[in-house]
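Worksheet: the structure to be examined is printed underneath.
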Amino acid sequence: MTRAAPPLTDAATSALAEPTRRVGAGWIASFTTVWLGIWMAQLTPVQLLLPAQIDAQLHPENWVDSVVAFGAISGIAAIATIIAYPLTGALSDRTTSRFGRRRPWIAIGAAVFGLSLIMLGLQTEIWAIGAAWVAASVGFCIMTAALTATISDQVPVNQRGFVSGWMSAPQAVGIIVGLVLVTELVSDASLGYVMLAVILIVLAVPFLFRADQPLAPSERERVTARSIIAGFWISPRKHPDFGWTLLSRVLVSVGNALGTSLLLYFLMFQLNDVNAADDLIVLTLIYMVFVILASLLLGRLSDRLGRRKVFVFVASALQGVAALMLALFPDLTVAMVAAGLLGLGYGCFLSVDQALATQVLPDAASRGKDLGIMNIASAVPQAVAPMIGAAAVVASGSFVLVFLLGAAFSFAGAFAVARVRSVR
């Protein structure tokens, strides 16, 4: 149920008021910096360190066993993500610290994330590797639930596409920089995890010095287990645009993750690429360039045109086309072209869909929780897709079915977003 901000607080100074003042270059720079650290710490393990660590510990006779183990660990992390995102988002909504609602949780998340990565590098048992990765995933959720809420808290609607682009562009940069650092500067995976943890903490610091409007005690909802659990459900009948946006994000994110999360295994075992690690960096670099260009340029264009849906629709369809290319033409050159299309589509999707999500939220008082639910639609597919992909590999003995499924999910996501009515 949507509720108005309490009358005891001046709307001009309320933490729940819709922002109207544009954020400056300094705010955007520190926001971009913290996301760069987050994406490096999250995606470098997913793309390289974690699957390589699992494979090194298992030494399986059949490579499929390694893919299945990676998928199982990712699936367990997804369950933790489903709980952590809305829960920590809801807690930050109700935080009345003098440091603001979001900053304390960004700091807590960074500490949990960084320490868990360091512990992950020390593990030699599969169960322990899984437990450490689950803890790291929870830290990631705590940080990003609070950070994405700052967009709704502090950024006006006509600037959100551009600012969301600066959340998205570091994802591509973070992947390639992280891969280069851990492959070129360290010879041991455990040191790679330590390096990522240190970078995460250092890059988070500048944003922690940015102002964060405290929540007045009169604006704070009572914290009860029942209210938090009840808040996890947002009726798609009462809020259909939120429901369609959420569904679209789930579908497109699964499609994208199916196209990217098993690339190392695809190069190693489908293409028999003896330079798989190096070629993964090349593919990621191509992907990165197009993600950056699309997220920044198209995010800003959507602000100027005041349109979101058409951008998200085309972006989703482009990812489907890229996945089809990988399925039908398993070749390194084709994979490079597909990486460009995938980056173009996903970069546009990341920035514009994030702006769209902030415009369909049911209640200003629960931005953190509601965006936490929306973030599940991005994070869980990244964890679940390897498990789906592993099942597809087991069933078919190749990666063709993986990419066909990726295309199907992406195209379905395009049609889901077309059902949104309140945002152009």
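Values reported hereafter were calculated over all heavy atoms of this structure, with side chains retained and with hydrogens, waters and symmetry mates removed.
Between Val194 and Leu117 there is no side-chain heavy-atom pair separated by less than 4.5 Å. In this structure, the side chains of Pro156 and Thr20 stay at 4.5 Å or more apart for every pair of heavy atoms. Annotation: side chain of Met40 is in contact with side chain of Val177 (closest heavy-atom distance under 4.5 Å). Two residues are said to be in side-chain contact when any heavy atoms from C-beta on lie closer than 4.5 Å; Asp279 and Leu267 meet this criterion. Contact of the Leu196 side chain with the Pro45 side chain is registered, since non-hydrogen atoms from C-beta on lie closer than 4.5 Å. Between Val423 and Arg307 the shortest side-chain heavy-atom distance does not fall below 4.5 Å. Between Phe113 and Val138, every side-chain heavy-atom pair lies at or beyond the 4.5 Å cut-off. The closest side-chain heavy-atom distance from Phe70 to Ser66 is not below 4.5 Å.
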>> What verdict does the side chain to side chain contact (heavy atoms under 4.5 Å, CB included) test give for Ser164 and Ile151, after you've listed the backbone C-alpha separation in whole Å, the side-chain angles of each residue and the deciding distance to 0.1 Å?
In response: CA-CA 8 Å; Ser164 296; Ile151 298 177; 4.0 Å; yes
> Do Arg102 and Asp93 pass the salt bridge (Lys or Arg N to Asp or Glu O under 4.0 Å) test, and can you show the C-alpha distance, the side-chain angles, and the key distance before you say yes or no?
Replying inline: CA-CA 8 Å; Arg102 314 303 180 188; Asp93 286 333; 3.0 Å; yes
> Should Tyr265 and Gln270 be marked as a side chain to side chain donor-acceptor pair (under 3.5 Å) after you check the CA-CA gap, both sets of side-chain angles, and the distance that decides it?
Replying inline: CA-CA 7 Å; Tyr265 291 122; Gln270 183 76 45; over 6 Å; no
>> Apply side chain to side chain contact (heavy atoms under 4.5 Å, CB included) to residues Met288 and Ile175 and explain how you reach the verdict.
In response: CA-CA 8 Å; Met288 176 196 76; Ile175 296 174; over 6 Å; no
>> The test is side chain to side chain contact (heavy atoms under 4.5 Å, CB included); show your working for Phe349 and Phe313 and say whether it passes.
In response: CA-CA 8 Å; Phe349 181 84; Phe313 183 91; over 6 Å; no
>> Could you walk me through whether Leu341 and Phe290 satisfy the side chain to side chain contact (heavy atoms under 4.5 Å, CB included) test, starting with their C-alpha distance in whole Å, then the side-chain angles of each, then the deciding distance to 0.1 Å, before giving a yes or no?
In response: CA-CA 8 Å; Leu341 286 177; Phe290 282 92; over 6 Å; no
>> Pair Asp303, Arg160 - check salt bridge (Lys or Arg N to Asp or Glu O under 4.0 Å), show working.
In response: CA-CA 7 Å; Asp303 284 338; Arg160 288 180 188 172; over 6 Å; no
>> Could you walk me through whether Phe207 and Trp27 satisfy the ring-ring contact (aromatic ring centres under 6.0 Å, His included) test, starting with their C-alpha distance in whole Å, then the side-chain angles of each, then the deciding distance to 0.1 Å, before giving a yes or no?
In response: CA-CA 8 Å; Phe207 193 78; Trp27 191 97; 5.5 Å; yes
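Here CD of Gln42 is found 10.5 Å from CD of Gln47. Values are rounded to the nearest 0.5 Å. Interatomic distance, CZ of Phe409 versus OG of Ser253, reported as 11.5 Å (0.5 Å rounding). If you take CD1 on Ile73 and CG on Leu50, they are separated by 6.0 Å, rounding to the nearest 0.5 Å. If you take CG on Asn375 and CG on Leu246, they are separated by 10.5 Å, rounding to the nearest 0.5 Å. Between atom CG of residue Leu147 and atom CE of residue Met167 there is a gap of 9.5 Å, rounded to the nearest 0.5 Å. Residue Gln319 holds its CD atom at 9.0 Å from OG1 of Thr260, rounded to the nearest 0.5 Å.
Residues Gln57 and Ile126 approach most closely at CB-CD1, 4.0 Å, considering heavy atoms. Across Ala294 and Leu344, no two heavy atoms sit closer than the pair CB-O, 3.2 Å. Here the shortest heavy-atom pairing between Gly413 and Val252 reads CA-CG2, 3.7 Å. Of all non-hydrogen atoms in Pro214 and Ser97, the two that sit nearest each other are CB-O, 3.7 Å. The two atoms that bring Ser302 and Val352 nearest to each other are OG-CG2, 3.8 Å, heavy atoms only. Between Ala377 and Val250, the closest heavy-atom pair is CB-CG2, 3.4 Å.
Checked by atom type, the side-chain pair Tyr346/Ser295 shows no donor-acceptor distance below 3.5 Å. For the residue pair Arg249/Gln354, the side-chain donor-acceptor check at 3.5 Å is satisfied. Defined by atom type and a distance below 3.5 Å, a donor-acceptor pair is missing between the side-chain atoms of Trp105 and Thr88. Residues Arg101 and Thr95 bring no donor and acceptor atom of their side chains to less than 3.5 Å of each other. Side-chain contact annotation: Gln359 with Arg308, donor-acceptor N/O pair under 3.5 Å present. Between the side chains of Asp353 and Ser248, no donor N or O sits under 3.5 Å from an acceptor N or O.
Using cut-offs of 30° and 60° on the angle between ring planes, the pair Phe31 and Trp35 is perpendicular. Using the six-membered ring where Trp is involved, Trp166 and Phe162 have ring planes that are perpendicular, over 60° apart on the 30 and 60° scheme.
Aromatic pair Phe266/Phe403: centroids less than 6.0 angstrom apart.
When each of Thr44, Ile118, Leu49 is checked for a side-chain contact (heavy atoms from CB on, under 4.5 Å) with Tyr193, only Leu49 meets the rule.
The main-chain N or O of Val420 is found under 3.5 Å from a side-chain atom of Lys309 such that the two form a donor-acceptor pair. Counting only distance, with no hydrogens or angles, the side chain of Arg210 and the backbone of Pro206 share no donor-acceptor pair below 3.5 Å. Formation of a donor-acceptor pair under 3.5 Å by the Gln159 side chain with backbone atoms of Val23 is found in this model. Using modelled atom types, one side-chain atom of Ser351 and one backbone atom of Cys348 make a donor-acceptor pair closer than 3.5 Å.
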